[in-house]
Chemist: 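Sharing a structure below in structure tokens format, with a few things to ask.
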Amino acid sequence: MNNKLYGHLIFELSHPGRQGYSLPKSEFPQHDLPKGSLREKQADLPECDELTVVRHYTNHSGNNFGVDNGCYPLGSCTMKYNPKINDEIAASAAFQNLHPLQPESTTQGAEEAVCTLRKVLASITGMADFTLKPCAGAHGELTGLMIIKAYHESRGDSKRVKVIVPDSAHGTNPASAAVCGLEVVEVKSKQDGTVDIDDLRSKLDDNVAAMMMTNPNTLGLFEHDIEDIVKMVHDRGGLMYYDGANLNPLLGVCRPGDMGFDVVHLNLHKTFSTPHGGGGPGSGPVGVREGLQEFFPMVNPYHGNFLVELRALTYILTLGKENIKQVGPLATLNATYIKSRLKDVYDLPIEALSKHEFVFDGLRDKSTGVTTMDVAKRLLDFGFHAPTIYFPLLFHEAMMIEPTENESLETLDSFVDVMRRIAKEAAEQPEIVKGAPQHTPISRVDDVMAARNPILIFPENAQ
Ligand SMILES: *Cc1c(COP(=O)(O)O)cnc(C)c1O
């Protein structure tokens, strides 16, 4: 949006004395506030007319990229399918205006929704029961690890202080273990991207509380040795934790419970359809196998993020048992299609069959100096969000692509065409790609500077 009137910061549109509305003088008596509660001088707020404010924010909102604007092939943390019916149900007044403390006789419908969701999640994952209280994936991980800790302590086994985490794991796994007061032990991946069983064996002892895994793992690879891994950990008295943030590749194919996992968390805001830009809202329910329910903690007094739960339940019930079985195969088909059509120009370090996502290590031809960051920025010029980049840390130029299960063939083809075009530009006119994005309102931002020296107030007001 290059319109001079609305492309500015709202403070720059301010004119002293300008107002958006006027109210008649109040006929009610004024109450004097205690002195300490009053401002000493007027807040320095922008003074604008209503139309200017509405247009300013409406036009800026169009500068955001979201799943409703275009394809969002962000590996691992992506938003999958978010049908609008879910938002409609969650927005209904009957659910939205519920108060957690209103009489139980008036909330039976909501209670039923919560119970039904617990049951269907248990059936989808092969666990005995779920708690819906945790409000994010990482919150679920912490809850799950606390359950594991409480379980070991209940048996008088207090020496178990280690958690084994593969080097390809999502960053929240080691972080949650550390927050739970446990020691993180990293297990290496083999050349083929799956867990190195020999390295695991050397790290297993009687101090291991749990091993955290996700399968298919963060590289999109199915851990074929999972049964052996589970047995090795169980034989040493540890429990198996499944990070089910991105469960879509498994839906309809297999279940963590059947693989032998003891504790599972899911991200309803990824796999089960709540849009989660900007850090929320989320829901990270935790499921446990039979015998561990008694360790469900009270991490949150009510039912967690109820409206996110409603979206998940609506999603599952509208898809139904039969259609949900297509999610895993379609997620895998779409990712594999893109991978096959791009691997002659992008570097594919792991050739093995992958599931819902895969990783390129930048362009094949590295002589042009065009990096993964450049490709990611250039994608914005063509209306595509970038894939996840520079993660996982196993490759220098990682580009982790997950189209999700619901993109049409035309969208996938268009993404492939753009990625091929960028590879061609990198060879013929690298400066275009290195200078991208060319067509967005702001070109490259200095993210390091923004993170290290954030300017949190309008510059003119800075002291
Ligand atoms: C997103 C994600 C998490 C963390 O979930 P949050 O809701 O962001 O806390 C954990 N593990 C994996 C694999 C993820 O993709």
Side-chain angles (χ1 to χ4, degrees), residues 67 72-80 82 121 125 131-146 163-180 184 186 189 193-195 210-223 240-251 256 261 263-287 299-300 304-305 307-309 311-312 328 331 335 354-359 385 387-394 398 400-405:
V67 280
Y72 212 103
L74 192 71
S76 184
C77 290
T78 198
M79 288 199 277
K80 327 296 186 201
N82 295 279
L121 292 181
T125 53
T131 168
L132 303 180
K133 293 171 187 287
C135 290
H139 195 188
E141 290 170 26
L142 178 61
T143 308
L145 290 170
M146 287 166 78
V163 173
I164 297 188
V165 178
D167 57 6
S168 64
H170 192 271
T172 49
N173 291 183
S176 300
V179 170
C180 196
V184 179
E186 195 173 90
S189 299
T194 59
V195 167
M211 175 168 183
M212 299 179 88
M213 281 184 80
T214 182
N215 190 21
N217 67 23
T218 310
L219 296 167
L221 304 166
F222 193 82
E223 300 273 359
M240 287 299 293
Y241 182 94
Y242 186 90
D243 178 338
N246 310 290
L247 200 74
N248 55 340
L250 283 200
L251 285 179
F261 283 91
V263 180
V264 172
H265 93 263
L266 305 175
N267 278 22
L268 299 187
H269 51 294
K270 287 180 187 166
T271 308
F272 297 101
S273 91
T274 283
H276 64 273
S283 175
V286 173
V299 289
N300 173 326
N305 257 335
L307 298 178
V308 179
E309 293 157 18
R311 285 187 181 86
S354 50
K355 304 293 178 204
H356 62 306
E357 64 193 4
F358 63 93
V359 180
H385 194 277
T388 296
I389 57 172
Y390 299 108
F391 179 82
L393 306 174
L394 302 173
M400 190 184 196
I401 299 179
E402 175 179 3
T404 81
E405 54 275 9

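Both counts, for ligands and for their atoms, begin at 1 and track the order of listing.
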Chemist: Which residue owns the protein heavy atom closest to atom 11 (N) of ligand 1, what's the atom, and how far is it?
Modeler: D243 OD2, 2.6 Å
Chemist: Considering H139, H269, E141, K270, which one's heavy-atom position lies nearest to atom 15 (O) of ligand 1?
Modeler: K270
Chemist: Students often mix this up, so state it plainly: with edges at 30° and 60°, are the rings of H385 and Y72 parallel, tilted or perpendicular?
Modeler: parallel
Chemist: Flag atom 8 (O) of ligand 1 as yes if some protein heavy-atom distance to it falls below 4.0 Å, otherwise no.
Modeler: no
Chemist: Measure the spacing between OG1 of T172 and CG of N267 and express it to the nearest 0.5 Å.
Modeler: 8.0 Å
Chemist: Nearest protein heavy-atom contact for atom 6 (P) of ligand 1: which residue, which atom, what distance?
Modeler: G137 N, 3.4 Å
Chemist: Would D167 and L394 count as a side-chain contact (heavy atoms from CB on, under 4.5 Å) here? Give the steps.
Modeler: CA-CA 8 Å; D167 57 6; L394 302 173; 4.0 Å; yes
Chemist: Under 4.0 Å from a heavy atom of S76: give me the atoms of ligand 1 that qualify, with their elements.
Modeler: 15 (O)
Chemist: Compute the shortest N/O to N/O distance between N246 and ligand 1 and return yes if it is under 3.5 Å, no if not.
Modeler: yes
Chemist: Keeping the roles fixed (side chain from T214, backbone from D243), state whether a donor-acceptor pair exists under 3.5 Å.
Modeler: yes
Chemist: Please indicate whether any nitrogen or oxygen in A245 is less than 3.5 Å from any nitrogen or oxygen in ligand 1.
Modeler: no
Chemist: At the 4.0 Å heavy-atom cut-off, does G284 count as touching ligand 1?
Modeler: no
Chemist: How long is the gap from NZ on K355 to CD on E402, to the nearest 0.5 Å?
Modeler: 14.0 Å
Chemist: Please determine whether side-chain contact (heavy atoms from CB on, under 4.5 Å) holds for the pair N248 and T271, giving the CA-CA distance in whole Å, both sets of side-chain angles, and the decisive distance to 0.1 Å.
Modeler: CA-CA 6 Å; N248 55 340; T271 308; 4.2 Å; yes
Chemist: If you count the atoms of ligand 1 from 1 in the order shown, which ones are under 4.0 Å from a heavy atom of A136?
Modeler: 7 (O), 9 (O)
Chemist: Which option, T214, T388, N267, owns the non-hydrogen atom nearest atom 5 (O) of ligand 1?
Modeler: N267
Chemist: Any N/O of H265 closer than 3.5 Å to an N/O of ligand 1?
Modeler: no
Chemist: So which atom in P281 and which in P275 form the shortest heavy-atom distance, rounded to 0.1 Å?
Modeler: CD-O, 4.0 Å
Chemist: Can you tell me how far OG1 of T218 sits from CZ of F391, rounded to the nearest 0.5 angstrom?
Modeler: 5.0 Å
